[in-house]
Amino acid sequence: MVQAIALIDGNNFYAACEQSIDPSVAKRPLVILSNNDGCIIARSPEARELGIPMGQPYFRIRNKLERLGVIVRSSNYALYGDMSQRLMNLLDENCEGIEIYSIDEAFARINRPSNGDLHPWARRLRALSNQSLGLPISIGFGASKGQAKLANHLAKTRAFHAGIFDLINIQDQDSYLESIPIENVWGIGQKSAHWCRLKGINTAKQLRDIPSNQLKAQLGIVGIRLQQELLGQACLPLATTPSPKQTTCVSRSFGHSVTSLEELIEAIATYVVHASEKLRRQRQLTQSISVFIRTNPFAPSFYSQEATTRLGVPTNDTTVLLPTALALTRKIFSAHKQFTKAGVIMRHLQSADYQQQSLLATYSQEGQYRRDQLMRTIDQINASYGKGTISWACCGLKQHWNMRREKISCAATTRIMEIPIVKA
DNA sequence: TCTGGGGTCCTAGGACCC
DNA sequence: TCTGGGGTCCTAGGACCC
């Protein structure tokens, strides 16, 4: 059985999710802002046609958007995460095995039919996604992940191919590779693209064909792997079971800059509570906790500090992590500074299923058991009755520092009171 | 006034081991 | 005058991804 690797992704995913739950913004120019309403991170095709650039800070382009009648939304990750899960379930049911690569894309293993033509299968999957989720998807086929990525890029950019492109089952593969600029090759970022251009490597085909010793010298083993992938030699395995995370981080920019220790502590406490919940959901413990704070990196006199505590006993217990993080916060806080962002990072994670006991532990096992029970109970209550039903006093009530989300849509797929109503 | 968040992998260099 | 070879682990920083 010949197998192909597919890369399947949602087109303009965040914008498509908004359009899927709200017909009034369908087929209209729409942009989605990053957290804190910072910059543009997604555009509907109609907004793209108006020449709205990706990544542009919102405050710089706000007037232009108003003038052009572009609809603006804050990002709504509750909605996108839920729509993503539905899409991944659909892919899982229809493929031999999938690797969820990001919120809006997955690699998949597909059996190629005896006549070699994957287009009927792909057309059916696109129709299913459109009908059941209202999400348009693109599908690219290759012999490796790298080729599947290129094929997906071609599926999106060549209207004639209607969202499906098979790089293997095609006559003039080379001419297609020649049409892809080096910047659009997966794994080539700004820095590497600059080097490639200087060397006269301007397309995916040229990258595939240069002597590998030159590539090795500049890009190291990563470059060699990339080249092999372009040649159709799969070096990056399909990870159908997700591997456990090595780090977990919760960080946010503030809605307005923070100068007082009290407010900073509220914010850090909130992030620690969130990060500890994440650890418990992932069934992991952390062996280290770091806190970082920083001022505006675009302003002169940029200030940034980080501090870490290594924990004797790995834990995911909020009652242990909170005081540790708050002590670190007091240590790195500096008065008369305007902080714009802070965060908490957990490193050296390990499975909660095989907990190493400490030789020198000073706590009682009984006490730890009771605290684990307490954490479980809090998580269950918050899952049943909504986030923050049980909170920690040090997180504060008003949270004036919290991020801006002035134009957020409703939780149409995850909150019963906000389900859209269709009038006949 | 206002510029996102959360990850992975690789490399180099230092400390240390036998 | 002469000063090994082979390895692990850790950290910091860079590059990249969506």
Side-chain angles (χ1 to χ4, degrees), chain A residues 7-14 31-42 53-63 65 72-77 80-81 84 99-107 145-146 149 152-153 182-196 216-226 235-237 239 242-257 271 274-275 278-279 282 284 287-288 290 292 294-299 302 304 306 308 310 338 340-349 402-407:
Chain A
L7 190 265
I8 306 164
D9 73 346
N11 302 347
N12 325 301
F13 187 68
Y14 296 169
V31 299
I32 314 299
L33 304 179
S34 64
N35 267 333
N36 219 26
D37 294 348
C39 36
I40 292 177
I41 54 166
M54 195 76 160
Q56 191 72 207
Y58 176 49
F59 73 90
R60 283 217 186 115
I61 205 174
R62 177 185 243 151
N63 291 339
L65 294 177
V72 178
R73 289 269 190 275
S74 304
S75 41
N76 181 348
Y77 286 101
Y80 312 150
S84 171
E99 171 187 340
I100 298 173
Y101 180 65
S102 73
I103 193 163
D104 71 335
E105 62 189 291
F107 289 103
K145 287 182 176 179
K149 271 279 193 183
N152 180 280
H153 176 76
I182 191 72
E183 289 78 12
N184 292 332
V185 176
W186 183 47
I188 298 290
Q190 231 186 351
K191 193 94 190 253
S192 308
H194 183 67
W195 175 82
C196 287
K216 173 94 195 274
Q218 181 66 26
L219 303 183
I221 191 74
V222 180
I224 297 294
R225 215 151 41 200
L226 186 55
C235 304
L236 306 165
S243 42
K245 294 209 181 311
Q246 299 170 31
T247 63
T248 278
C249 165
V250 173
S251 76
R252 295 280 181 282
S253 294
F254 299 131
H256 66 79
S257 55
Y271 304 157
H274 185 173
K278 260 171 124 173
L279 282 183
Q282 292 159 198
Q284 286 186 304
Q287 248 183 309
S288 124
S290 308
F292 72 87
R294 62 170 221 208
T295 61
N296 182 2
F298 300 96
F302 172 55
S304 164
E306 177 170 339
T308 301
R310 280 299 278 245
Q338 304 206 312
T340 58
K341 181 176 180 176
V344 172
I345 308 170
M346 320 276 204
R347 299 188 178 93
H348 306 106
L349 305 188
N402 221 330
M403 64 181 173
R404 279 186 302 272
R405 294 162 97 189
E406 282 164 7
K407 298 165 184 298

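To find a chain, count down the sequence lines: A is the first, B the second, and so on, and within it residues start at 1.
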Checklist entry - Under 4.5 Å between any side-chain heavy atoms of A:Ser75 and A:Asn35, yes or no? => result yes
Next on the checklist: Under the rule for ring-ring contact (aromatic ring centres under 6.0 Å, His included), what residues qualify as partners of A:Tyr101, not counting sequence neighbours?
Outcome noted: A:Phe107, A:Trp186
Next on the checklist: Once you apply a heavy-atom cut-off of 4.0 Å, does A:Ser257 come out as touching a base, just sugar-phosphate, or nothing?
Outcome noted: nothing
Item to check | ring-ring contact (aromatic ring centres under 6.0 Å, His included) involving A:Tyr77 - partner list, sequence neighbours excluded | outcome: A:Tyr14, A:Tyr80
Checklist entry - Which is true for A:Tyr58 with a 4.0 Å heavy-atom rule: it touches a base, it touches only sugar-phosphate, or it touches nothing? => result nothing
Next on the checklist: Both A:Arg294 and A:Thr247 contact DNA chain B. Which one's nearest nucleotide lies toward the 5' end?
Outcome noted: A:Arg294
Next on the checklist: What's A:Arg252 touching, base or sugar-phosphate or nothing? Going by heavy atoms closer than 4.0 Å.
Outcome noted: sugar-phosphate
Next on the checklist: Minimum heavy-atom separation for A:Leu349 and A:Gln246, please, with both atom names.
Outcome noted: CG-O, 3.5 Å
Next on the checklist: Between A:Val222 and A:Tyr14, which residue's closest nucleotide on DNA chain B lies nearer the 5′ terminus?
Outcome noted: A:Tyr14
Checklist entry - With sugar-phosphate meaning primed atoms plus P, OP1 and OP2, does A:Val185 contact a base, only sugar-phosphate, or nothing at under 4.0 Å between heavy atoms? => result sugar-phosphate
Checklist entry - Across the strands shown, which category fits A:Ile188 at heavy-atom distances under 4.0 angstrom: base, sugar-phosphate, nothing? => result sugar-phosphate
Next on the checklist: Taking side chain to side chain contact (heavy atoms under 4.5 Å, CB included) as the definition, give me every residue that meets it alongside A:Gln338, ordered by chain and number, with sequence neighbours left out.
Outcome noted: A:Ser257, A:Thr259
Checklist entry - Taking atom C1' in both B:dC16 and C:dG4, what distance in whole Å separates the two? => result 16 Å
Checklist entry - From A:Arg405 CZ over to A:Ser34 OG, what is the distance, rounded to the nearest 0.5 angstrom? => result 11.5 Å
Next on the checklist: With heavy atoms of chain A within less than 4.0 Å as the criterion, where does contact along DNA chain B begin and end?
Outcome noted: B:dC2 to B:dT11
Next on the checklist: What's A:Ile103 touching, base or sugar-phosphate or nothing? Going by heavy atoms closer than 4.0 Å.
Outcome noted: nothing
Next on the checklist: For a quick check of understanding: with a heavy-atom distance under 4.0 Å over all strands, which category does A:Gln56 fall into, base, sugar-phosphate or nothing?
Outcome noted: nothing
Next on the checklist: Run through DNA chain B and report every stem of 3 or more consecutive Watson-Crick or G-U pairs, distances under 3.5 Å, ordered by first number.
Outcome noted: B:5-18 with C:5-18
Checklist entry - Taking only residues two or more places apart in sequence, or in another chain, which ones meet A:Arg347 in a salt bridge (Lys or Arg N to Asp or Glu O under 4.0 Å)? => result A:Glu306
Checklist entry - So what does A:Thr248 touch, heavy atoms closer than 4.0 Å: a base, only the sugar-phosphate, or nothing? => result sugar-phosphate
Checklist entry - Are any side-chain N or O atoms of A:Gln284 and backbone N or O atoms of A:Lys245, one a donor and one an acceptor, separated by less than 3.5 Å? => result yes
Next on the checklist: Heavy atoms only, 4.0 Å cut-off, all strands: where does A:Asp37 land among base, sugar-phosphate and nothing?
Outcome noted: nothing
Checklist entry - If only atom types and distance count, is the side chain of A:Lys145 paired as donor or acceptor with the main-chain N or O of A:Pro237 below 3.5 Å? => result yes
Checklist entry - So what does A:Arg225 hit on the nucleic acid, given a heavy-atom distance under 4.0 Å: a base, only sugar-phosphate, or nothing? => result sugar-phosphate
